[in-house]
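One structure is given here, and the rest of the page talks about it.
In the text below, chain A, chain B and the rest are named by the order of the sequence lines, each starting its count at 1.
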Number of protein chains: 2
Amino acid sequence: MKRIGKNKGVVYGGSDIWEELNRLIKSTAPSKVICLTDSNTAKYCLPILESHLDSDIRISGITVPAGEAFKTIATCQSVWQQLSDLGTDRKSLMINLGGGVITDLGGFVACTFKRGIEFINIPTSLLAMVDASVGGKNGVDLGHIKNQIGVIQNPLAVFVDVAFLDTLPQPERNSGYAEMLKHGLIASEAYWNELKDFHNMNSDALADAIWKSIEIKNRVVTKDPNEKGERKTLNYGHTLGHAIESYCLESKDREPLLHGEAIAIGMVLANYISQQMLAFPKVKLQQTTSHFLHHFKRVSFDLSEIEKIIELLKFDKKNVDGNVNFVLLKDFGNYKIDMTVANDLIFNAFEYYKNFKN
Amino acid sequence: MKRIGKNKGVVYGGSDIWEELNRLIKSTAPSKVICLTDSNTAKYCLPILESHLDSDIRISGITVPAGEAFKTIATCQSVWQQLSDLGTDRKSLMINLGGGVITDLGGFVACTFKRGIEFINIPTSLLAMVDASVGGKNGVDLGHIKNQIGVIQNPLAVFVDVAFLDTLPQPERNSGYAEMLKHGLIASEAYWNELKDFHNMNSDALADAIWKSIEIKNRVVTKDPNEKGERKTLNYGHTLGHAIESYCLESKDREPLLHGEAIAIGMVLANYISQQMLAFPKVKLQQTTSHFLHHFKRVSFDLSEIEKIIELLKFDKKNVDGNVNFVLLKDFGNYKIDMTVANDLIFNAFEYYKNFKN
């Protein structure tokens with residue numbers, strides 16, 4: 001078993017984590033254990049979890065509809081009400097079993113129900129394993145603005161078993177891959193290079209690569225828990241990526257993008273802007289763009305759409321005083337935060353992305 | 001100027017607090033100041049606040065409908081949306097100007113908007129001054145179950161000016177008086193005796209009595225921030241009081257009670273149960289009941305209503321494992337927590353309350 005951290009928010013990894021989960025639940029002696037799932041993880045993941053739990057641990061289930069569209073306060077209200085109806089008290093324990101929507105929403109519900117009950121996250125998507133599992137951020141969307149409502153609080157523990165990835169459709173898996181590539185960009189060119197072969201990895205290599213991503217994110221979050229400096233690098237590609245994701249969710253003419261698809265576009269744009277403003281090496285811009293476009297579909301936006309996307313930037317949580325703050329890179333692992341970017345340069349970045357030829 | 005505490009959650013009192021408020025706002029250098037009011041405090045209190053603010057401090061207002069019926073997630077959603085529309089960012093400051101509904105709801109909204117922005121509470125009701133101003137609890141109701149959703153987090157500071165009480169209708173003032181009497185019961189017979197003359201106090205004596213209440217609550221909360229022991233005494237009279245309040249809010253045949261009216265009943269019942277189970281002195285039971293019935297209207301419930309009130313006890317946040325936990329008193333300032341009370345005794349307590357003759 002692998003472990004990162006030792007207090008709240010500790011992450012356990014490996015296929016032999018289940019004994020630890022059983023031990024933790026028993027030592028917590030909860031008055032009740034509630035497992036939150038979505039309609040997919042209720043079907044594909046809950047039976048796996050139950051097969052690992054000791055027979056004397058009884059769980060009550062709450063299931064919500066699957067998908068980002070349900071990461072809302074309305075869904076929270078339904079879960080709060082069900083917790084209340086089940087007689088959940090302050091000594092109850094909640095297990096969030098699912099992707100990032102479930103761990104984000106479930107964490108927020110747990111932190112606010114009766115002013116806070118303990119919770120454990122078991123991420124079942126690649127995105128949730130490498131991104132949502134560390135750092136204690138939780139929350140839900142407000143309208144089409146992502147993660148506007150939430151708190152920062154660590155779960156009791158996080159359990160990562162890559163076996164759950166076998167339950168995941170390929171596009172969802174790809175979505176997490178984008179966050180891993182981000183960890184390469186902001187922290188280590190060597191890790192980026194390792195990840196090139198991601199889709200041919202056997203399960204041991206995959207587990208190893210995922211664990212490295214969790215370690216990178218943990219290192220960043222531990223150094224800068226309050227997001228004054230380095231933690232902002234985790235937002236790389238997300239400023240425009242979130243706006244693109246919100247725009248596609250909102251627009252009647254667009255299919256919603258997966259989070260990873262949106263931030264893959266965001267990272268190509270950020271790499272281009274980094275090249276222009278901070279001299280991020282041209283050859284690396286070319287190579288990374290080529291890699292992103294090989295693995296993530298190209299979505300072209302016309303000028304009026306780009307204007308709407310820029311308009312959405314003002315809702316970014318990192319903004320202060322109406323200024324949009326970008327993280328940019330001088331090179332892999334060499335960042336600059338709180339950069340203001342001219343709108344013209346953003347239009348040029350979209351143009352570069354649209355016309356890039358491998 | 002009087003002060004309790006020095007870090008987050010510091011409480012300032014007196015009529016000369018406004019310079020400190022101006023200083024604090026300026027030293028925080030917020031990107032924006034938003035003032036949350038309800039329809040009453042927007043009319044009667046906001047002009048007073050504005051008259052005290054330096055002319056270079058600009059505030060944006062958000063107003064919600066007045067009353068406990070609007071202490072809901074739906075109201076939070078409206079406030080979150082308005083904050084978003086106003087371009088509120090993480091460096092913005094929220095001022096909650098109002099009674100307990102505004103400070104509780106506004107605190108929760110601030111703690112969860114973009115995962116938390118700073119806020120200042122300015123209580124304008126007696127109840128909010130003596131109860132909601134200390135301890136960092138915030139939140140909203142879920143359906144008719146009070147304060148089910150919330151977090152614990154201190155405001156940047158609390159400013160208490162008793163001058164706001166002149167804007168308050170008499171019944172509202174009485175509602176806060178009940179909490180002050182509770183502080184007497186759980187902490188000091190001398191303070192209880194002082195409070196007997198509450199309605200004839202001049203404004204200096206009133207300010208003094210209010211400050212003593214804040215000091216008592218602060219002492220209890222500081223000693224036991226995580227509510228393992230003594231802090232539970234602040235719940236005295238609230239177990240049945242909250243259930244009575246919820247029942248009257250929910251029932252079509254009942255007028256809603258003010259919080260203080262409900263917990264005044266709850267304290268009479270708790271005193272009776274304390275007398276039966278812990279030998280709280282009979283003569284003090286008689287005197288306190290007489291005092292409560294002199295100042296708070298008697299509301300008689302029939303047997304089927306009492307059954308429904310007992311049913312509501314199961315939603316009390318202090319409950320664990322399905323057991324209803326009461327705080328009871330051996331005498332003024334001498335408490336026992338986590339007491340289980342038989343339903344028969346609760347019926348007898350209602351009977352005692354109904355038939356008590358002065």
Query raised in the report: Using a cut-off of under 4.5 Å for heavy-atom pairs, which of A:K32, A:K137, A:Q77 has the most such pairs with chain B?
Result: A:K137
Query raised in the report: Under a 4.5 Å heavy-atom cutoff, which of A:A74, A:C76, A:S84 has the most pairs with chain B?
Result: A:S84
Requested in this report: Against chain B, label A:Q153 side chain, backbone, both or neither, depending on which of its atoms sit under 4.5 Å from a heavy atom there.
Outcome: neither
Query - Side-chain heavy-atom pair A:R115, B:I152 within 4.5 angstrom cut-off - result: yes
Query raised in the report: Within residues 140-150 of chain B, which positions have a heavy-atom distance to chain A below 4.5 Å?
Result: B:L142, B:N147, B:Q148, B:I149, B:G150
Report summary line: Of A:I73, A:L83, A:T88, the largest count of non-hydrogen pairs under 4.5 angstrom with chain B goes to A:I73
Requested in this report: Could you tell me whether B:K336 atom NZ has more than 12 heavy atoms of other residues or ligands within 6.0 Å of it?
Outcome: no
Report task. Taking side-chain contact (heavy atoms from CB on, under 4.5 Å) as the test, write out the residues that go with B:K308, two or more places apart. Result -> B:Y247
